[in-house]
Amino acid sequence: MDIQEQVKQAIQQAISALFDTTLDEVALQPTKKEFEGLYTFVTFPLTKTLRKSPIEIGQAIGTYLQENTTVVSHFNVVQGFLNLSIADSAWLDVLNDILAEPDFGQLPTKGQSVMVEFSSPNTNKPLHLGHLRNNFLGDAVSRILKANGYDVVKTSIVNDRGIHICKSMRAYQLFSNDASGQPETPESSGMKGDHLIGKYYVLFDKAYKAQIEELVAQGMPKEEAEKKAPLMLEVQEMLRKWEQGDPETVTLWRQLNEWVYAGFAETYQKIGVSFDKTYYESNTYVLGKEVVEEGLQKGIFYRKEDSSVWINLTEEGLDQKLVLRSDGTSVYMTQDLGTTDLKYDDFHNDRQIWVVGNEQDYHFAVLFAILRRLGRPYANGLYHLSYGMVDLPSGKMKSREGTVVDADDLIQEMYDTAEQRTRDLGKIEDFNSAEAQQLYHMLGMGALKYFLLKVDPKKRMLFNPEESVDFQGNTGPFIQYTHARIRSVLRKAEQNGLQPEKSVSAVAMHPTEQQLVYLLSQFPQRIAEAGDDYAPSYIGQFAYELAKAYNQFYAEVSILSEPDPIKTQLRVTLSALVAGTIRKAMQLLGIDVPEKM
RNA sequence: GCAUUCGUAGCUCAAUUGGAUAGAGCACCUGACUACGGAUCAGGAGGUUUGGGGUUCGAAUCCCUACGAGUGCACCA
């Protein structure tokens, strides 16, 4: 079925028939645009064993393929490169195979399950640009893994407790009363809950810094001032009260968090992200101490004189790491050990993936090493999907310096831009206002998601606001536009009584048509690679290449005014298939595509 | 200081994992049948892949080195 496989096997055959030897693996690469052909076989590696020139080998294999196969129609040899052209009949076979597959793009089930943990926000501030990259990545990877045949469980662990939450709470207690003595609420202020709480987090920081400065002015060293500032002491006291279950503190904590969750829910809804299970750190932070006990018993951990517990990971190239404080309380690692067990107990996933920024690379290296030492059955299925930070042209984002790009603001900005562009072009006069709003949202989110997902996750990236609202070239809206354009052609075709068919008949093909079939045939493989590498960027690139190739095809051949009905039929069918595949690919990125725009 | 990731056109990113003359988009020039949607297409210009060594038929990719940048090195999360 797969042309590439056919060609590879044919080459194996040729080599054994011609030279009486075999090659472990035949590697094919796409032929460069400047040369004729589709696949290229590099003959250099054979020169040593065969003691023949690369050109000679190329000629011999090429001739053999042309004479003995139906796939290869002709060939040319340039230096050590054998360029192979594929016969139209083979292309049509491929096309018909794809058309016969109802779930094209859905790979067979793997019989395995994966948990993807992402988003995991703090409840002391609203989401920003960095969170968006995380959310889009986690969501897209989940979709891609599903397409790869895995059962996927999406989870988030909400960081809803701890000293930073107490900071917002304390500031709220101190500063939230308005002139009439009423505390501010989302309703009274008209602010989204997460933004409201974020405001108090910033207020805390300001007031705290002012106290430090005052103490320093009185002659206290800065380090001491940071620890002894009254606000800091109050917040620590508040955390103690929270842990003891003090009713007043817990009530306030509940109230503020609820407001934040309402705000988050709104944002998640807008970006189309959801979870199968949400964990709360207020429940899980106590976990992990039994794991420490277990590790001690197994002799994997050791206790120091001050009774703190450690593990020595120098054999793995890591350091010694603390897993329990000397006062017996947990650290971050303790919790994660316990939580990982919990997640496994809940779902028994074959694999667990964490979408977390690359500043935690070391933490996860240690976590995985410990779990391997403990002999956890799932230890080899753990993966940290580490992604780079998002920089701004002005430099790094810093919450406290107010240089963060707020997620809600950004989404609104993209929406506004989409609306402006659409109005300028004036193509949707027949839309009612609800339809128009839906379109603006679809385009705005498409631009934003594509912009953040087209870059390799591992790399840090630059977010240039001007480029992000660009709707031309390698952008989400360009791909969405191509889809809308095809749908328009298909509507018109239908008016002419033409429908896409389930199969196409033999006919001479245009190079742009061959190119389209070739790209389409690559889709399953690209999904597999994107799954293996956890790289939504592969899918983005695929969608872009497919859209570009279609526009090229569109510019070079005529679909509806083509005189030959068989060619028209092929082109209508191919168009429908491309539109469907673009939609599927974009869906893997969590991006919707419109019928009109 | 130690560990780790990275450095590709003016800018943002690719490069099938060691293959041909390193490709796209943006920006900048030049064109496109009265057209099935111009949010498009075709073409031009733009590169010593940070510098210097090495490995081999062949290097942006692997090794060494210098320079530059990010991140991590808490009994924080």
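Here is the naming used below: chain letters follow the sequence lines, and residue numbers restart at 1 for every chain.
When the nearest nucleotides of RNA chain B are assigned to A/Pro457 and A/Pro477 by heavy-atom distance, the more 5′-ward of the two goes with A/Pro457. Each of A/Asn358 and A/Lys596 was matched to the nucleotide of RNA chain B holding its nearest heavy atom; the match closer to the 5' end belongs to A/Lys596.
Residue A/Phe542 contributes atom CZ, which lies 14 Å from atom C1' of B/U16 at whole-angstrom precision.
Across all strands shown, B/U40 forms a Watson-Crick or G-U wobble pair with B/A32, both key distances being under 3.5 Å. Across all strands shown, B/G25 forms a Watson-Crick or G-U wobble pair, both distances under 3.5 Å, with B/C11. Checking B/U71 for Watson-Crick or G-U wobble geometry (two distances, each under 3.5 Å) identifies B/A3 as its partner.
Remark: the separation of the P atoms in B/A66 and B/A60 is 22 Å, to the nearest Å. Look at the C1' atom in both B/U49 and B/G43: the space between them is 26 Å, to the nearest Å. B/G23 and B/U55 have their C1' atoms separated by 27 Å, with the value rounded to a whole Å. B/G10 and B/A45 are spaced 13 Å apart, taking the C1' atom of each and rounding to whole Å. Remark: the separation of the P atoms in B/G46 and B/C64 is 36 Å, to the nearest Å. As rounded to the nearest Å, B/C76 and B/G18 have P atoms that lie 43 Å from one another. When the C1' atom is used for both B/A14 and B/C26, the distance is 15 Å, rounded to whole Å. Nucleotides B/C57 and B/G52 are separated by 24 Å at their P atoms, to the nearest Å.
Nearest nucleotide to the A/Tyr554 side chain, out of B/C36, B/U17, B/U40: B/C36. Side-chain atoms of A/Phe44 lie closest to B/G19 of the nucleotides B/G37, B/G19, B/U12.
Base contact: A/Thr40 has a heavy atom under 4.0 Å from a base atom. Base contact: A/Ala484 has a heavy atom under 4.0 Å from a base atom. Within the 4.0 angstrom heavy-atom criterion, base atoms lie near A/Val557. When heavy atoms are screened at a 4.0 angstrom cut-off, A/Asn464 is found touching no nucleic acid atom at all.
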### Task
Show your working on salt bridge (Lys or Arg N to Asp or Glu O under 4.0 Å) between A/Glu419 and A/Arg423 and close with a plain yes or no.
CA-CA 6 Å; A/Glu419 178 172 4; A/Arg423 291 223 158 128; 3.1 Å; yes
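In this structure, A/Trp354 and A/Ser120 have side chains that are not in contact, with every pair of non-hydrogen atoms separated by 4.5 Å or more. In this structure the side chain of A/Met414 reaches within 4.5 angstrom of the side chain of A/Val469, judged on heavy atoms.
Under the 90° criterion around 0 for the glycosidic angle, B/U17 counts as syn.
Taking the six-membered ring for Trp and thresholds of 30 and 60 degrees, A/Phe44 and A/Phe81 have ring planes more than 60 degrees apart, a perpendicular arrangement.
In this structure, CE on A/Met389 lies 13.5 Å from CG on A/Leu462, to the nearest 0.5 angstrom.
Open room surrounds CD on A/Gln438; 12 or fewer heavy atoms of other groups in view lie less than 6.0 Å from it.
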